[in-house]
Amino acid sequence: MLTYIVRRLLWAPVLLLTVAAIVFALGHYGPGDPVQIQLGQHFTEERADRIRESRGLNDPVYEQFGRYVWNALRWDFGESNQFQNRGVAELLGPKLKVSAQLFLAASLITIGLGVPLGFYTALKQGSWQDPTIVSGSLVLDAMPVFLTAPYLIIVFALKLDWVQVSGWDGFFSTQIILPALVIGLPGVAIFTRIMRSSTLDILGQDYIRTARAKGLPEAIVNYRHVARIALIPILTLIGFSLSGLLGGAFIVELIFGVPGVGRFALDALFARDFPVIMAISLIGAASLVIANLIVDILYSVVDPRIRYQ
Amino acid sequence: MSLLRESSKSQTDAIPSGIGPWRQAWRRLRQKKIAMTMLSIIVLLYTVGVLAKPISTHSYSQTDLFHTQEGPSRDHILGTDRLGRDIFTRVVWGVQTTVILTIITVGTGGIVLGVTLGMVAGYFGGKTDAVIMRLGEVVAAFPGILLVILIAATLRPRIVEWTRGFEDWSNFPDWSPFGGLVESGFVDYFVVAIALLPFAWFGMMRLVRGQVLAIRNADYIEAARAVGVSTPRLLFSHILPNITGTIIVTASAGMGAIAGSELILSFLGIGVQPPRPSLGFMISDVSGRGTAVVSVIQNHPEQLLAPIAVIWLLIFSWSLLGDALNDVFNPRTR
């Protein structure tokens, strides 16, 4: 197990470096000359040369890449194209904080609903609750955010007046509820499904029959013997499936007027502000790699049945 | 093939013996009412997409400023948008965009790339496997839609530039298949397909690889190898037929996912570009990039609901059909 953890720890930086190389290559070769984009109509050869020289764009590519990675490690992603003389990191910082909070709230909803529902449907297998909840969660999964968002706003903000229509006021405010629900609900289905099948799997095991046979109360069998083990596959799901919520998060931030990364990224896309897009991709990928690394290590600690070669 | 038939026959006693695995699967699928409904919806929508030209009642880009924001009428079945364009026509053409992109992406990325790489990785193992898997891990390191956005945003200008270069160099007349590529919207499809490609192959590759690993050392494979069957033939006519079930299930699940990603790309303005309609761009256009979505729902719901209902129906149908196909092809997993 220790060799596995060490190998993962060694692989993660390589993976991150490859990810950075892809981001850099796409940003460097993809859109064409960054100086031309930045200068736009003010473009002259002379000005362009001056900027290129001062930014080191005439250096060999590997040097530029090395500098990019080195700066990124120190949380410096270069200058934004659309806001002159302002660093990407400085612009991105507050937006990241907002998005992270929203994402955390959404994840809590996804996991907090999905896991208990999956467990419950597995225990109720064969009754009407099982197919109802499973298909209900599938409907939510397929529901586009363009539909859930406006109707939730109309019902809870305009008609019932329980929460503010939109805007942002930190994690502990009512404004976060609706956007977090809209981002989080579609993910419930997959957690329900995996938890359900994993619970069913455990329920069929011999040791559960033994536990019942020796007269343990049903509640203890269910929670101590079944649920704890059934939760293990959920662990691996967390990294992957939560990252899938991101596409929805982009749009939800627009609809609810949340000043997060999504809106910032969209503005950057329209302004062809590639340093910003690169930074967001890099940060997103790095956090996912690290999250998966933690999950994998936890997994090998929690489940000793797993033997890695 | 006879081995396959033997093994699946013993699993399902209810099915009369002596029929092929394909017909068995089809029979099992036909017994599922929901799956058949979903299949009909998908076939219907894909037909609409393919036949967009004869089905649409107007031109998708024709504006009519005397009849803007109108409700459904005889002339405009679903009404008109704020520029007076016919919503029904635009939805039909938008479906065509989705149809083209899902088929191209799942076909090339999922089926060709994913299956081939998965079989190669699973069969040869060792270094080949390691390289392919590591490559996949790099792709999977990007959260969801981010890599797609990054590729679409950065590569579009380059691809447009190359295509224009190709047009200038080749000098094909506009009416030929290679003429007017930029205007024809080819570039958009190409960019979106390229952007979705890394997304599409990895899941398929991993599943196929797992399946191949499981049957690589089966007796009949060893027997085939012993009598000197060549490796490509072994892969494609002995292993491939045994994993078609997995491929079909994964591909049908992928169709919905790709349709959803395309929607987001077009919504964000880096997918298919106007004037060519796409459902994502319609939603973005009508709702003022999402900011005016509430007032649109309150005042002109049909403008927003039409594209949303269609794409939702499509994604939902693929998802339920994928589930049913999973039951059909892997009866033992339930």
Side-chain angles (χ1 to χ4, degrees), chain A residues 11 14-16 18-19 22-23 26-32 37 135 138-139 141-144 146-147 149-151 153-154 157-158 165-166 189 197 240 242-248 250-257 265-266 268-270 272 274 277-278 280-281 284-289 292, chain B residues 34 134-135 137-159 161 256-257 260-261 263-265 267-270 283-284 287 289-298 301 304-305 307-309 311-320 323 333-334:
Chain A
W11 167 239
V14 180
L15 187 59
L16 281 174
T18 323
V19 164
I22 292 177
V23 170
L26 280 172
H28 191 80
Y29 295 109
I37 296 170
S135 51
L138 277 177
V139 171
D141 184 25
M143 202 84 102
F146 309 105
L147 211 58
Y151 280 114
I153 292 178
I154 290 172
L158 299 180
V165 178
S166 66
S197 68
F240 283 108
L242 289 187
S243 83
L245 301 182
L246 210 77
F250 264 68
I251 292 165
V252 170
E253 284 186 3
L254 289 174
I255 295 179
F256 286 93
L266 192 65
L269 277 177
F270 283 110
R272 305 226 280 153
F274 293 104
I277 303 169
M278 285 162 72
I280 292 174
S281 310
S287 30
L288 184 60
V289 168
N292 277 335
Chain B
I34 297 178
R134 291 297 101 82
L135 205 68
E137 269 182 55
V138 171
V139 172
F142 286 91
I145 198 88
L146 262 186
L147 181 63
V148 183
I149 291 177
L150 182 70
I151 295 178
T154 53
L155 285 189
R156 168 179 300 283
R158 266 299 150 95
I159 291 175
E161 196 180 299
S261 310
L263 186 78
I264 293 177
L265 272 189
F267 179 87
L268 295 178
I270 45 177
I283 295 170
S284 149
S287 66
R289 277 185 206 145
T291 46
V293 77
V294 174
S295 72
V296 174
I297 283 279
Q298 284 177 323
L304 201 58
L305 290 184
I308 289 178
I311 194 74
W312 177 71
L313 201 60
L314 194 65
I315 294 177
F316 191 55
S317 304
W318 275 121
S319 147
L320 282 191
D323 265 14
T333 57
R334 285 284 154 130

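Note on naming: letters A, B, ... go to the chains in the order of the sequence lines (proteins, then strands), and numbering restarts at 1 for each one.
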Novice: Using non-hydrogen atoms only, which part of Leu320(B) is less than 4.5 Å away from chain A: side chain, backbone, both, or neither?
Specialist: side chain
Novice: Go through the atoms of Phe256(A) and report whether side chain, backbone, both or neither lie under 4.5 Å from a heavy atom of chain B.
Specialist: neither
Novice: Report the distance from atom CG of Leu147(B) to atom CG of Leu26(A), rounding to the nearest 0.5 Å.
Specialist: 7.5 Å
Novice: How long is the straight-line distance from CG of Leu266(A) back to CD1 of Ile149(B), given to the nearest 0.5 Å?
Specialist: 8.5 Å
Novice: Quick one: what part of Phe316(B) sits under 4.5 Å from any heavy atom of chain A, side chain, backbone, both or neither?
Specialist: both
Novice: Mind checking the OG-CD1 spacing from Ser135(A) to Ile34(B)? Nearest 0.5 Å is all I need.
Specialist: 7.5 Å
Novice: On a heavy-atom basis, which atom in Leu288(A) and which in Ala140(B) lie closest, and how many Å separate them?
Specialist: CD2-O, 3.6 Å
Novice: Heavy atoms only, distances under 4.5 angstrom: which of Ile283(B), Ile315(B), Ile159(B) has the most pairs with chain A? Name it, please.
Specialist: Ile283(B)
Novice: Just verifying a value: how many Å separate Leu254(A) CG and Leu268(B) CG, rounded to the nearest 0.5 Å?
Specialist: 7.5 Å
Novice: Quick check on Val14(A) against chain B: is it the side chain, the backbone, both or neither that has a heavy atom closer than 4.5 Å?
Specialist: neither
Novice: Tell me, side chain or backbone of Leu16(A) under 4.5 Å from chain B's heavy atoms, or both, or neither?
Specialist: neither
Novice: Measure distances from Ile154(A) to the heavy atoms of chain B and classify the residue's part below 4.5 Å as side chain, backbone, both or neither.
Specialist: side chain
Novice: Side chain, backbone, both or neither: which part of Leu263(B) has a non-hydrogen atom closer than 4.5 Å to chain A?
Specialist: side chain
